[in-house]
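The structure appears right after this line, and notes come after that.
Computed from a predicted structure; not experimentally measured. Order of the sequence lines fixes the chain letters, A, B, ..., with proteins taken first and strands second; residue numbering starts at 1 for each chain.
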Number of protein chains: 2
Amino acid sequence: MARKNEEVVLLVVGGSTGFVSAQEVYSHARESGSPIGLATVYRVLKSLVDAGKVELTFDDQGQARYCARGETHHHHATCRQCGRTIEFDDPDVERWAGAYAERIGFVEVRHVIEISGVCHTCASSH
Amino acid sequence: MARKNEEVVLLVVGGSTGFVSAQEVYSHARESGSPIGLATVYRVLKSLVDAGKVELTFDDQGQARYCARGETHHHHATCRQCGRTIEFDDPDVERWAGAYAERIGFVEVRHVIEISGVCHTCASSH
DNA sequence: AGCGTATATGAGAATGATTATCATTGTCAA
DNA sequence: TTGACAATGATAATCATTCTCATATACGCT
Ligand SMILES: [Zn+2]
Ligand SMILES: [Zn+2]
Ligand SMILES: [Zn+2]
Ligand SMILES: [Zn+2]
């Protein structure tokens, strides 16, 4: 028997390094031999998001992008000049975000924390 | 002479408590007597976002929502269901951001910190 | 196996927010 | 006033996402 659709989608999403669009999931799944349809890709992604197995965000153009949950949570500090990026997961700021959300009574909380600046290398060379 | 379109859009966006959609901006502008078209609403919103006068985010369904950016530095906690927005400027997280940037040797640091969730009102009503 | 019913699937149509097009109008300096 | 050029609004086009529906599949029962 062929692989189940949910399994196929999870493999594609989980096998990608970052976030992927539904169209990309569809393409990759088809390339891997699955006869899955686009509608089913959306259906499965929705159920996976509802089940908490996949995370959903929207990019700069409002397009949905998905990523497997369970990859380690982290944020980025990016140099605006050379593009160098440092990934970090700072317990202090995570604690702060959780505490703040609780203080204002929000549930199902997410946060976006991005740092940008000029790195030491770029700053000391001109 | 009639009010300029940019002025009209800014008035509507600035006069709303939280984030508003482009369609809402359009409706409110027309209700207030402006003959502005929907296309111009989108155009003006885009230029205002590019100019940094208006902030753009996307709600749970990927729909664009806009909010006037104030003069003072602050962040937002936004309800993903009703769009209600709480502005905050928490010294703790500002201190954390500064300290973290210093630790990694970044200068000219900026940060993006956004909290989203479901507010108490939305969470307790269905 | 054979039958009945419920659920899952995929192709294609429909939806709806956003963007592009384009004819028209406003602006303004010469 | 004229002409060049930017701004506007109605409408069409785009495109990600959702809906529809005919078909396929799974499962329980005899
Ligand atoms: Zn650098
Ligand atoms: Zn975090
Ligand atoms: Zn709410
Ligand atoms: Zn800040």
Side-chain angles (χ1 to χ4, degrees), chain A residues 1-13 16 18-69 110, chain B residues 1-13 16 18-68 78-83 85 116:
Chain A
M1 171 174 150
R3 198 158 239 146
K4 280 160 98 155
N5 282 324
E6 182 175 312
E7 210 178 329
V8 171
V9 170
L10 262 181
L11 270 178
V12 172
V13 176
S16 308
F19 282 79
V20 284
S21 70
Q23 297 279 348
E24 284 165 350
V25 172
Y26 173 68
S27 304
H28 294 164
R30 296 292 291 228
E31 282 164 14
S32 77
S34 168
I36 193 171
L38 186 56
T40 303
V41 167
Y42 276 102
R43 272 192 291 249
V44 170
L45 281 173
K46 189 177 202 316
S47 79
L48 287 173
V49 168
D50 289 346
K53 292 180 185 166
V54 162
E55 254 180 288
L56 164 65
T57 61
F58 296 93
D59 65 14
D60 279 355
Q61 286 97 46
Q63 192 172 334
R65 301 190 84 84
Y66 306 84
C67 114
R69 173 169 287 174
R110 299 174 207 153
Chain B
M1 169 177 153
R3 198 157 239 147
K4 280 178 138 110
N5 281 325
E6 180 173 314
E7 210 176 330
V8 172
V9 170
L10 262 181
L11 271 178
V12 172
V13 176
S16 307
F19 282 79
V20 284
S21 70
Q23 297 279 349
E24 283 166 350
V25 172
Y26 173 68
S27 304
H28 294 162
R30 298 291 292 229
E31 282 164 15
S32 78
S34 167
I36 194 171
L38 184 56
T40 302
V41 168
Y42 276 103
R43 272 192 292 251
V44 170
L45 282 173
K46 188 177 201 315
S47 78
L48 288 173
V49 168
D50 289 345
K53 292 179 186 167
V54 162
E55 280 181 70
L56 165 64
T57 61
F58 296 92
D59 66 12
D60 263 3
Q61 287 94 45
Q63 194 172 331
R65 297 188 146 271
Y66 306 84
C67 124
T78 307
C79 173
R80 289 194 300 271
Q81 280 188 22
C82 69
T85 296
S116 72

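- A close approach under 4.0 Å does occur between a side-chain nitrogen or oxygen of A/Tyr42 and OP1 or OP2 of D/dT17.
- Taking each heavy atom of A/Tyr26 and A/Leu38 in turn, the nearest pair found is CE1-N, 3.4 Å.
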For this session: Report the C-alpha distance between B/Leu10 and B/Val44 in whole Å, list the side-chain angles of each, state the deciding distance to 0.1 Å, and finish with yes or no for side chain to side chain contact (heavy atoms under 4.5 Å, CB included).
Result: CA-CA 9 Å; B/Leu10 262 181; B/Val44 170; over 6 Å; no

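- Between the OG1 atom in A/Thr57 and the CD atom in A/Gln63 there is a gap of 10.5 Å [rounded to 0.5 Å].
- Atom CD of B/Glu7 is separated from atom P of D/dA7 by 16 Å (rounded to the nearest Å).
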For this session: Spell out protein contact along nucleotides 7-12 of chain C as letters: B when the base is contacted, S when just the sugar-phosphate is, - when no protein heavy atom is under 4.0 Å; keep the 5' to 3' order.
Result: --BBBB

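- Note: CD (A/Gln63) to P (C/dA17) measures 17 Å, nearest angstrom.
- For the pair B/Leu56 CG and C/dA17 P, the computed distance is 16 Å after rounding to whole Å.
- Counting any heavy atom pair closer than 4.0 Å across all strands shown, B/Gln61 reaches no nucleic acid atom.
- Separating the CD atom of A/Gln23 from the C1' atom of D/dT17 is a distance of 9 Å, rounded to the nearest angstrom.
- Put simply, CG on B/Leu48 and CG on B/Leu56 are 11.5 Å apart, with the number rounded to the nearest 0.5 Å.
- Expressed to the nearest 0.5 Å, how far CD of B/Glu6 lies from CD1 of B/Ile36 amounts to 10.0 Å.
- Applying the salt bridge (Lys or Arg N to Asp or Glu O under 4.0 Å) test to every pair with at least one member in residues 24-35 of chain A, sequence neighbours left out, gives these pairs: A/Glu24-A/Arg65.
- If you take NZ of B/Lys46 and C1' of D/dT8, they are 17 Å apart, rounded to a whole angstrom.
- B/Phe58 has its CZ atom 13 Å from the C1' atom of D/dA16, to the nearest Å.
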